[in-house]
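Shown next, in structure tokens, is the structure this report addresses.
Residues: numbered from 1 along the sequence shown.
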Amino acid sequence: MHEWRIHQTRILENRVTVRTDIPPMFGRKGAGASRAFHRQIPGYAVTPLRSLPHLAEKWNVAGIYVKDESSRFSLNAFKGLGGSYAMFRIICERLGLDPEQTGLKELTTGASRDAIARMEFVTCTDGNHGRGVSWAAGIFGCRAHVYMPYGTRPVRAEAIRSAGPAEVTVTDLSYDDTVKHALEMSRRYGWILIQDTAWDGYEKVPAWIVQGYLTMAEETAEELDRLHVLPSHIFLQAGVGSMAGGILAYFADRCGANKPTVTIVEPDVADCIYQSAKSGEIRSVDGIATTMMAGLNCGTPCKVIWPILRDYAEFCIAGPDAFAVNGMRTYAAGLHGDPVIVSGESGASTLGAAQVLLEEPDYQEVRKAMGIDQHSILLFISTEGATDPENYRKIVDSQTDAL
């Protein structure tokens, strides 16, 4: 294990020699099941994979591809994939139904509808997950309660209310403490917790959420195959690590020995994956962190996906909000005719991190360690659009850092 500290950025090389097996539910088999469900949802469509050839030329790499999740359903982000699939699995389990034999139409129009209407779900979110849960509750015709941590911008809370029937409460707690509060509310009122992080005794639902994200991974892989492209490097942003771990697991299962080199990107004030990778076991970041990367502002890794992150991610990067700012502006600029991508603070963080690595001379040793050269093909996932439109405009239209 090797660590670099360059300016405001920390980079950790994770030299793993023994790896845990990829569980089938996080590989191609799991992706097939989640995608079969998502295809039944009205408005389902494969989100675009965009090529940025001029940026690739500037960075002296062979290619740059970006999975753009800003058009996913009506949510402006990918999170509805996990929330809807987990809610589907929970409902099937509660009603004694086989998920492989049960369709969405059966649940929303059949005899199960009245029982589902009496169900109430609860979750903690920093934004996009709660929006996905609220939206899913609207699809299934049930109720939802969403709690948000201290510092949540009003626009994010309102987006959750607009997406579905959820009741939204902003607390004065950190993200991790808000998770605990949601758990307490579930116990007090008999609500069903649908949380995208895991702990001892609470693993099944978070695993279903991770599985739901695999629809995005399978779509990406199929489009890359159509283009005859195999990425050499994937940059994945992480809060609790559910999305990053799911995408990583899928590509490890699909690619085997040809798995791309994976780098996990986090805010430096909420770098729980970085700290856990450095110690070799789950570590939490205490306190109420302040970062514009709201979707990544989480203090403890998701237990069910942590072994995948630990064993299959070659690098971790923790850096400042400048990652988000620079990434958003670069996506929005559409260099020399490259597609313009509207990407929010968390969605653009990985491109901003790569921009530092590829453009700054002080990172030459890191680039060499990562194996990034003129033959490399880089893959990014822009997980959200402009989920905070006011801040987005301030950032891309000016030279200030906004917020």
Side-chain angles (χ1 to χ4, degrees), residues 22 25-41 43-51 65-89 127-129 131-133 135-136 196 206-227 229 231 234-255 259-260 262 264-265 295-296 302 305 308-309 312-313 331 341-344 346-351 378-385 387:
I22 302 294
M25 73 178 301
F26 296 152
R28 287 164 289 179
K29 181 178 179 180
S34 65
R35 194 172 181 193
F37 165 74
H38 289 132
R39 280 185 165 129
Q40 301 174 55
I41 299 176
Y44 169 78
V46 175
T47 53
L49 182 71
R50 307 197 188 278
S51 174
Y65 293 86
V66 182
K67 178 69 164 171
D68 182 359
E69 286 294 300
S70 62
S71 61
R72 179 69 68 183
F73 297 120
S74 58
L75 303 175
N76 205 16
F78 78 104
K79 284 281 192 174
L81 293 171
S84 63
Y85 184 70
M87 193 173 288
F88 166 69
R89 293 298 301 264
N128 291 334
H129 170 65
R131 193 173 186 181
V133 168
W135 169 75
D196 57 349
W208 285 334
I209 290 175
V210 172
Q211 187 179 353
Y213 297 153
L214 301 187
T215 289
M216 180 171 60
E218 185 171 81
E219 290 175 1
T220 304
E222 288 180 354
E223 181 64 9
L224 289 168
D225 285 350
R226 189 184 69 79
L227 297 171
V229 169
I234 304 178
F235 289 78
L236 297 167
Q237 54 273 63
V240 300
S242 296
M243 184 281 294
I247 303 300
L248 173 49
Y250 177 86
F251 275 93
D253 179 63
R254 187 182 184 98
C255 299
K259 182 191 80 68
V262 172
I264 306 299
V265 176
L296 312 182
C302 176
I305 206 64
I308 304 298
L309 294 163
Y312 288 88
Y331 275 139
I341 297 176
V342 177
S343 185
S346 299
S349 59
T350 47
L351 192 80
L378 315 183
L379 173 64
F380 301 87
I381 300 178
S382 176
T383 50
E384 62 178 355
T387 52

Roughly how far, to the nearest 0.5 Å, is [atom2] of [Y] from [atom1] of [X]?
X: Thr47; Y: Arg72; atom1: OG1; atom2: CZ; value: 4.0 Å
X: Asp225; Y: Arg254; atom1: CG; atom2: CZ; value: 4.5 Å
X: Arg28; Y: Arg35; atom1: CZ; atom2: CZ; value: 15.0 Å
X: Leu309; Y: Leu236; atom1: CG; atom2: CG; value: 9.0 Å
X: Gln237; Y: Ile381; atom1: CD; atom2: CD1; value: 7.0 Å
X: Ile209; Y: Ser84; atom1: CD1; atom2: OG; value: 10.0 Å

Side chain to side chain contact (heavy atoms under 4.5 Å, CB included) for Phe26 and Asp253? Distances and angles first, verdict last. CA-CA 8 Å; Phe26 296 152; Asp253 179 63; over 6 Å; no
Heavy-atom side-chain contact between [X] and [Y] under 4.5 Å:
X: Ile22; Y: Ile308; result: yes
X: Arg89; Y: Tyr85; result: yes
X: Phe73; Y: Leu81; result: yes
X: Leu296; Y: Ser349; result: yes
X: Thr220; Y: Tyr65; result: no
X: Leu379; Y: Leu224; result: yes
X: Tyr213; Y: Ile305; result: no

Please report the shortest heavy-atom distance between [X] and [Y], naming the atom on each side.
X: Ala31; Y: Glu218; value: CB-OE2, 3.9 Å
X: Pro260; Y: Cys255; value: CD-SG, 4.1 Å
X: Tyr250; Y: Ala221; value: CE2-CB, 3.7 Å
X: Gly347; Y: Tyr331; value: O-CE1, 4.3 Å
X: Ala252; Y: Tyr312; value: CB-CD2, 3.8 Å
X: Pro48; Y: Ser71; value: CD-OG, 3.8 Å

Verify, without hydrogens or angle tests, whether His38 (side chain) and Tyr44 (backbone) share a donor-acceptor contact under 3.5 angstrom. no
Flag, side chain of Ser70 to backbone of Gly385, donor-acceptor distance under 3.5 Å: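 Pair absent, no side-chain N/O of Ser70 close to backbone of Gly385.
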Quickly, which of Thr350, Ile234, Asp68, Val265 forms a side chain to side chain contact (heavy atoms under 4.5 Å, CB included) with Phe380? Name it, please. Thr350
Could you walk me through whether Glu69 and Thr383 pass the side chain to side chain donor-acceptor pair (under 3.5 Å) check? CA-CA 5 Å; Glu69 286 294 300; Thr383 50; over 6 Å; no
Does any donor atom in the side chain of Ser34 or Thr215 lie under 3.5 Å from an acceptor atom in the other side chain? yes
Distance-only donor-acceptor hits, side chain of residues 241-249, under 3.5 Å, sequence neighbours excluded:
unit_1 : atom_1 : unit_2 : atom_2 : d
Ser242 : OG     : Asp196 : O      : 2.7

Before you tell me yes or no, could you show the steps for Lys67 and Glu223 under salt bridge (charged side-chain N to carboxylate O under 4.0 Å, His left out), namely the whole-Å CA-CA distance, both residues' side-chain angles and the distance that decides it to 0.1 Å? CA-CA 10 Å; Lys67 178 69 164 171; Glu223 181 64 9; over 6 Å; no
Show, in sequence, the C-alpha distance, side-chain angles and deciding distance for Val262 and Phe251, and conclude whether the side chain to side chain contact (heavy atoms under 4.5 Å, CB included) test is met. CA-CA 10 Å; Val262 172; Phe251 275 93; over 6 Å; no
